[in-house]
Amino acid sequence: MSQFIDRRLNPKNKSAVNRQRFLQRFRGQIRKAVADAVAKRSVTDVDRGEKIQIPTKDISEPTFRHGQGGRREVVQPGNKEFIAGDKVPRPEGEEGGSGNRASDTGEGMDEFVFELSREEFLEFIFEDLELPNMVKRQLAREATFKSQHAGFTSDGSPSNLHVIRSMREALARRTALRAPSSDRKRELEVELAALLTGGEPDEERIAALSEEIALLERRIRAVPFLDTIDLRYRNRIQVPKPSTQAVMFCLMDVSGSMDEVKKNLAKRFFLLLYLFLTRNYEKTDVVFIRHHTVALEVDEQDFFYSRETGGTVVSSALELMKDIIRDRYPSGDWNIYGAQASDGDNWPEDSTNCSRLLIEDIMASVQYYAYIEINNHEPHSLWMEYEKVAEYWPNFAMQPIYSAADIYPVFRELFKKQQA
């Protein structure tokens with residue numbers, strides 16, 4: 001029996017189940033291909049889909065065929081080298097269809113290529129990542145609501161009709177309305193039976209009792225089995241939903257020592273971080289701070305594309321971050337995070353001031369702070385001072401980045417899910 005699997009680039013969701021099964025089966029190979037693709041992309045080209053190549057040997061699917069069975073002896077023509085019991089060595093050279101040398105023998109297949117959509121690509125980039133220690137939950141400024149069950153109501157949509165509750169109401173109503181007539185009917189039936197079994201019957205009284213019993217029976221039957229007032233509908237109300245509030249401070253050094261290569265690496269790291277926040281978290285503010293000798297809060301456009309430069313005073317960015325937290329993001333209500341990128345070049349006196357600001361003022365207010373130092377094979381004064389912060393505060397993390405290939409692994413290391 002043949003089995004066909006539709007893996008066209010545009011299957012119009014006719015084979016979505018097979019596609020998801022395929023992605024799950026080869027998740028390891030796809031994750032590695034995605035990591036390689038991220039390292040090769042430009043700053044503005046991270047959030048599109050990608051063509052993924054998987055070696056043919058990794059996607060071979062087992063098949064079953066009917067063999068001839070039994071023990072057989074086969075004579076292969078042209079054998080001049082082997083006798084019974086010899087092991088036949090593997091042919092030398094690359095398999096046909098692969099390798100970088102020409103060959104006049106052998107057949108093979110090219111690597112399997114398929115395309116990940118934008119959503120699938122981002123899912124593989126950000127899987128198993130999270131903002132650490134997000135525990136503070138308050139009502140967000142823009143209230144969100146969730147639908148909650150709130151008993152029953154006597155009117156509503158037919159789709160919300162609660163049959164069991166309606167039948168219970170009908171039973172209670174029928175019992176209440178029929179009870180007086182039923183009790184009276186039983187009394188009259190007892191009296192009628194006594195007259196019929198007595199001596200000389202009173203025909204006039206018997207007729208009156210029979211007529212009254214018939215009237216009561218009609219009155220009992222007139223009570224409807226289900227009435228409009230019995231209907232009950234599920235009632236749902238919208239209640240404010242507590243949501244996690246978080247703010248991420250992105251601090252980037254744009255001083256003269258940060259050349260275009262270093263700035264490009266920093267921008268790619270922050271672009272990954274920005275995509276991660278906007279895709280995975282609804283209520284997350286992002287504060288962009290650029291600094292040289294002076295720190296400025298800027299918008300997204302200026303943060304990634306402004307060409308302003310100057311000297312280096314890193315503490316100016318930390319001072320501005322501290323002021324913004326105090327004025328706009330009280331630590332009791334907000335989950336506060338920080339991410340800083342620099343080449344580490346700073347005045348030694350100011351580097352000491354930076355570690356003091358973090359240890360004494362900022363780290364007590366933040367859930368997590370990540371520092372990346374770019375393109376320095378020897379640590380600068382800022383790195384050495386930040387090592388003191390990491391020793392004092394366990395929620396402070398630092399990693400070096402030497403090339404574009406390091407960005408994605410470092411990003412995953414900084415924001416991997418914490419073990420419970």
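Predicted model, so just to flag it, every value in this text is computed and none were measured.
Using a 4.5 Å cut-off on side-chain heavy atoms (C-beta onward), Met252 and Lys267 make contact. Residues Glu413 and Gln399 are in side-chain contact: their nearest non-hydrogen atoms beyond the backbone lie under 4.5 Å apart. Under the 4.5 Å side-chain criterion, counting only non-hydrogen atoms from C-beta, Phe415 is in contact with Leu273. Side-chain contact between Cys250 and Ile289 is absent, with no heavy-atom pair separated by less than 4.5 Å. Glu385 is listed as a side-chain neighbour of Thr352, based on a closest heavy-atom distance under 4.5 Å. In this structure, the side chains of Tyr369 and Met321 come closer than 4.5 Å at one or more pairs of heavy atoms. When side chains are defined from C-beta on, Val286 does not count as touching Phe249, because their heavy atoms never get closer than 4.5 Å. Considering only heavy atoms from C-beta on, Arg186 comes within 4.5 Å of Asp183 through its side chain.
In this structure, the separation between CD on Glu187 and CD1 on Ile213 is 11.0 Å, given to the nearest 0.5 Å. For the atom pair Leu271 CG and Phe411 CZ, the distance stands at 10.0 Å (nearest 0.5 Å). Atom CD1 of Ile407 and atom CZ of Arg268 lie 4.5 Å apart (nearest 0.5 Å). Of the inter-residue distances, the one linking Lys263 atom NZ with Ser257 atom OG reads 9.0 Å to the nearest 0.5 angstrom. Atom CZ of Arg412 and atom CG of Leu272 lie 10.5 Å apart (nearest 0.5 Å). Atoms OG1 and CH2, on Thr312 and Trp347 in that order, are 9.0 Å from each other to the nearest 0.5 Å.
Side-chain contact of Ser351 with Asn346: a donor-acceptor pair under 3.5 Å is present, judged by distance alone. Using modelled atom types and a 3.5 Å distance limit, the side chains of Ser315 and Asp350 yield a donor-acceptor pair. With 3.5 Å as the limit, one finds no donor-acceptor pair spanning the side chains of Asn235 and Thr153. For the residue pair Asp285 and Tyr329, a side-chain donor N or O sits within less than 3.5 Å of a side-chain acceptor on the partner.
Asp299 places a side-chain N or O within 3.5 Å of a backbone atom of Asp302 that can act as its donor or acceptor partner. Side-chain N or O atoms of Ser181 include none that pairs as donor or acceptor with a backbone N or O of Arg178 at under 3.5 Å. Under a 3.5 Å cut-off, the side chain of Trp393 and the backbone N or O of Ile359 do form a donor-acceptor pair. Using modelled atom types, one side-chain atom of Asp230 and one backbone atom of Asp227 make a donor-acceptor pair closer than 3.5 Å. In this structure a side-chain-to-backbone donor-acceptor pair under 3.5 Å is missing from Asn160 to Gly156. Proximity of a side-chain donor or acceptor of Arg236 to a complementary backbone N or O of Ala150 within less than 3.5 Å is not detected. Under the 3.5 Å distance criterion, the side-chain polar atoms of Arg232 are left unmatched by any main-chain donor or acceptor of Glu169. Side-chain atoms of Asp406 do not come within 3.5 Å of backbone N or O of Pro400 as any donor-acceptor pair. The backbone N or O of Pro224 sits less than 3.5 Å from a side-chain atom of Arg173, completing a donor-acceptor pair.
Legend: side chain to side chain donor-acceptor pair (under 3.5 Å) pairs involving residues 289-298, not counting sequence neighbours, sorted by first then second residue: His292-Glu308, Glu297-Arg328.
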Between Val247 and Tyr337, does a side-chain contact (heavy atoms from CB on, under 4.5 Å) hold up when you go through it step by step?
CA-CA 6 Å; Val247 56; Tyr337 297 88; over 6 Å; no
Hey, mind stepping through Leu318 and Cys354 against side-chain contact (heavy atoms from CB on, under 4.5 Å) and telling me if it holds?
CA-CA 7 Å; Leu318 298 176; Cys354 290; 3.7 Å; yes
Can you list the steps and then say if Lys388 with Glu391 is a salt bridge (charged side-chain N to carboxylate O under 4.0 Å, His left out)?
CA-CA 5 Å; Lys388 301 176 183 178; Glu391 293 176 0; over 6 Å; no
side-chain contact (heavy atoms from CB on, under 4.5 Å) between Ser342 and Leu382: does it pass, once the steps are laid out?
CA-CA 9 Å; Ser342 173; Leu382 191 61; 4.0 Å; yes
Evaluate side-chain contact (heavy atoms from CB on, under 4.5 Å) for Lys262 paired with Ile401, printing each intermediate quantity in order.
CA-CA 10 Å; Lys262 295 179 181 179; Ile401 289 180; over 6 Å; no
Worked check of salt bridge (charged side-chain N to carboxylate O under 4.0 Å, His left out) between Lys185 and Glu212:
CA-CA 8 Å; Lys185 179 188 171 197; Glu212 188 173 356; over 6 Å; no
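Between Leu414 and Tyr368, the closest heavy-atom pair is O-OH, 2.7 Å.
Under a cut-off of 6.0 angstrom, the local environment of CD1 in Ile229 is crowded, with over 12 non-hydrogen atoms contributed by other residues, nucleotides or ligands.
His162 and Tyr233 have their aromatic ring centers separated by at least 6.0 angstrom. Between Tyr386 and Phe396, the distance separating the two ring centers is shorter than 6.0 angstrom.
Under the ring-ring contact (aromatic ring centres under 6.0 Å, His included) criterion, Tyr274 pairs with Phe288, not counting sequence neighbours.
Taking the centre and axis of the six-membered ring of Phe225, the NZ or CZ atom of Arg174 falls inside the cone set by 45° and 6.0 Å.
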